[in-house]
Every structure is written in C-alpha cells, then in structure tokens.
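In what follows, a structure is listed as structure tokens, so that the remarks can point back to it.
One-based numbering, in listed order, for ligands and for the atoms of each.
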Amino acid sequence: MSALSRRRFLERGGRAAVGLAGAGASAAVALAEDAVADTGADRLVEQAAAQWAMLFDSTLCVGCRACELACNTDNELGRTPDEIFEGRPAEDARALAPSVFTYVTFHQVEADPSTAAFGKVQCMHCIEPACVSSCPVLALHKTAEGPVVWDGTRCLGCRYCMMACPFLVPRFDWDSRNPRITKCDMCFDLQGQGKPPACVAACPSKALRAGTRADLLAEAHRRIETRPRRYVHHVYGEHEAGGTNFLHLAARPFDELGYRRNLPMRSYREYTKPAMATIPYVLGGLGVALGALRWIINRRADVAAGGHEESQP
Ligand code: SF4
Ligand code: SF4
Ligand code: SF4
C-alpha cells in the first residue's frame, strides 16, 4: 500500500470511529431528551389518586399523642406509655428512631399561646419514593395500594435509603445484632383488613383521616376554600418531592412547624432518570469507538508488516 493510500485509509478509519462514537452520543442525547419529556411522573400521580392516603390537619390536633401510643402498641415497638408521654412534644427533643415510627411536634412563637401548633412526623409515602429507587435489592417498595413498605429479608443494611429520603425518615437499628431499617408502613396489614391505620383510629379529635388520595386532597382544598383565614393556602405533600400519600394542612407556614422546606416539586427519581437512561448508550458508543480504534491499530500493524515484507530482498 502506498503512503498516500495508507494515509487515506487511516483518515477514513478515524472518521468512521468518530462517526460511530458520535452516533452513540447522539442516541444518548436523544434518549435523555425523551426521558426528560416522559418520566411517567404524571401517570404515577394519576394512579395515586385511588391509593390509600392519610391527611393530618394540624389545626385540629390537640397534641395528646394517642397516635404515638397506638403506633407503638400496634407495631410492638416496645416503648412504655411513660416514655411516650414524658415531657412536652418539643421539636428539638424528639426524633424518629427504630422504636419511633411517628411523633408529634409542638411549636409556639415566644410563649404566645395563640401561635401554638402541632406537626406530625412520619414516612410521607412518596408517590415516587427516592428510598425505593436508591435501594439496590428492592428491599423497599411502593405497593399498588400506596404505602411504601420494607422487606427485612432482602435488606443489605447499606443505608442508601437513609441518604436518599428527602424527608430524612428511614432509621437504622444501630444497637441490634441483626440491624434493620425502620419506618412507618401506613399500617399496611391493618388497611389490608379494611381497618384504618392505628394512629388514625386512635386520634380523638379527627386530626387524622384515612381515605383515597383524591378524596383527601379534595377535602383538604375544600377546607382551605371554606375557611381561608384558618389555613395557609397550601397542602403539604400535594407536590413536594413529586407528591406524597400523606397530606398535611396547617394554620402556620409549614417551615415554622418543622416541615422540610425548599424541596423540589418533582420526584428525586425524575432528576436521576435521564442521566441513568444515557448510561447504556454512552457505554455502547464508547465500546464502538474503542472497537474501531482497535481495528485501525491492527490494520496499521498489518500494513506496516506488509510494507516490511515488501522491502525484504
Ligand atoms: S418519605 Fe422517605 S422513606 Fe418515606 S417513602 Fe418518601 S423517600 Fe421513602
Ligand atoms: S400509619 Fe401506622 S405505622 Fe404509620 S405512624 Fe400511623 S400507626 Fe404508625
Ligand atoms: S392523636 Fe390526633 S390529636 Fe392526638 S397528637 Fe395524634 S394527631 Fe394530634
């Protein structure tokens, strides 16, 4: 092969490799754009309308903590009533724990009783749960009925779900020899028997209600519309982190009641899905480019060997 034809051959091979790699990258970009356009989030929100859900109306809560006691009893969490009712439900003194699936918080501005208000902390049962999408072995999963439940036989103890949860809910049982993740499962077993969650059944002031997400969302908006001066005009959980199956109403801004603020109004999975979708194609494009490069190098070696033989006497 002459020097000129060899150069042309290498140029064409190089262009082919670049073209193939470019095609892989273009496919990845196109796929990423498709993924942004259709993450299925709207469809999941529609499906959630008929799922089990809970509504907490802070304006009706009297801070009795009967919900905490009922949760503790029904889930056999092992706390004594004295431990549950000890002290005031001050926000800074309380936290979720392996033996605490829910707790009620108390908030008051500068000892002014007119500002007193309660919040309720537990799993929000997200429509697209970050805990589920982060779990490498599907130990957590979103049921068709709505609650996000956990399977202890699968859990690796990696604690990715703890890092992924936008509401900082899952807790790890550090003291156990067989450590596990713990959180509220919206009383999945009870609801399967046609009963409301234990905390809902125990609430004496109807601050907690159970029903379908569509019904509770409609009820929440109806309360805001009929008593606009009683409520902040926002249903916490309608859109936070892509929407949740636990909804909240309050008379004061939610961040003043300890609720997490500045959360995205899209699910965390929506942010990661486009990037994750490109990975097979980027790897595929890289493989094609490397294959083409290897072919070129082999051909160069063959051409060089041929030229060497031609120059032999
Ligand atoms: S609040 Fe956290 S633990 Fe509960 S479903 Fe959402 S991501 Fe999972
Ligand atoms: S729904 Fe059930 S598990 Fe969740 S906080 Fe209420 S009682 Fe506890
Ligand atoms: S049982 Fe009802 S009123 Fe009592 S603390 Fe719980 S949510 Fe509030």
Top protein contact for atom 4 (Fe) of ligand 3, by heavy-atom distance: C64 SG, 2.3 Å
Residue portion contacting ligand 1 (non-hydrogen atoms closer than 4.0 Å) for K183: side chain
Aromatic centroids of H248 and Y259 separated by under 6.0 Å: yes
Atom CZ of F188: over 12 foreign heavy atoms under 6.0 Å: yes
Parallel, tilted or perpendicular: rings of F118 and F106 (30°, 60°): tilted
Atom 6 (Fe) of ligand 3 - nearest protein heavy atom and its distance: C67 SG, 2.3 Å
Atom 2 (Fe) of ligand 2: nearest protein contact (heavy atom, Å): C187 SG, 2.3 Å
Short N/O/S contact of C61 with atom 4 (Fe) of ligand 3 (below 2.8 Å): no
Donor-acceptor contact present, side-chain N75 to main-chain L77, <3.5 Å: no
Whether A70 lies under 4.0 Å from ligand 3, heavy atom: no
Pair E110-T115, side chain to side chain contact (heavy atoms under 4.5 Å, CB included): steps then yes or no: CA-CA 9 Å; E110 294 175 357; T115 65; over 6 Å; no
Presence of salt bridge, E68 and K120, under 4.0 angstrom: no
Contacting atoms of ligand 3, where contact means under 4.0 angstrom from a heavy atom of V104: 5 (S)
Identity and separation of the nearest protein heavy atom to atom 1 (S) of ligand 2: M186 CA, 3.4 Å
Close approach of K120 to ligand 3, heavy atoms, under 4.0 angstrom: no
Sub-4.0 Å heavy-atom contact, N75 with ligand 2: yes
Donor-acceptor contact below 3.5 Å, side chain T212 vs main chain Q51: no
Sidechain-backbone polar pair: H233 side chain, P228 backbone, donor-acceptor under 3.5 Å: yes
Pairs involving residues 150-159, ordered by first then second residue, that meet salt bridge (charged side-chain N to carboxylate O under 4.0 Å, His left out) (sequence neighbours left out): D151-R154
N, O or S atom of C126 closer to atom 8 (Fe) of ligand 1 than 2.8 Å: no
Presence of N, O or S from C199 under 2.8 Å of atom 2 (Fe) of ligand 2: no
Heavy atom of A164, distance to ligand 1 below 4.0 Å: no
Proximity to ligand 2 by part of L190, non-hydrogen separation under 4.0 Å: neither
Atom indices of ligand 3 within 4.0 angstrom of R65 heavy atoms, with elements: 4 (Fe), 5 (S)
F56: numbered ligand 3 atoms lying under 4.0 Å from its heavy atoms: 7 (S)
Per-atom contacts, ligand 3 versus S205 - under 4.0 Å to a heavy atom: 3 (S)
Protein heavy atom at shortest distance from atom 8 (Fe) of ligand 2: C71 SG, 2.3 Å
Atoms in ligand 1 with a heavy atom of A130 nearer than 4.0 Å: 7 (S)
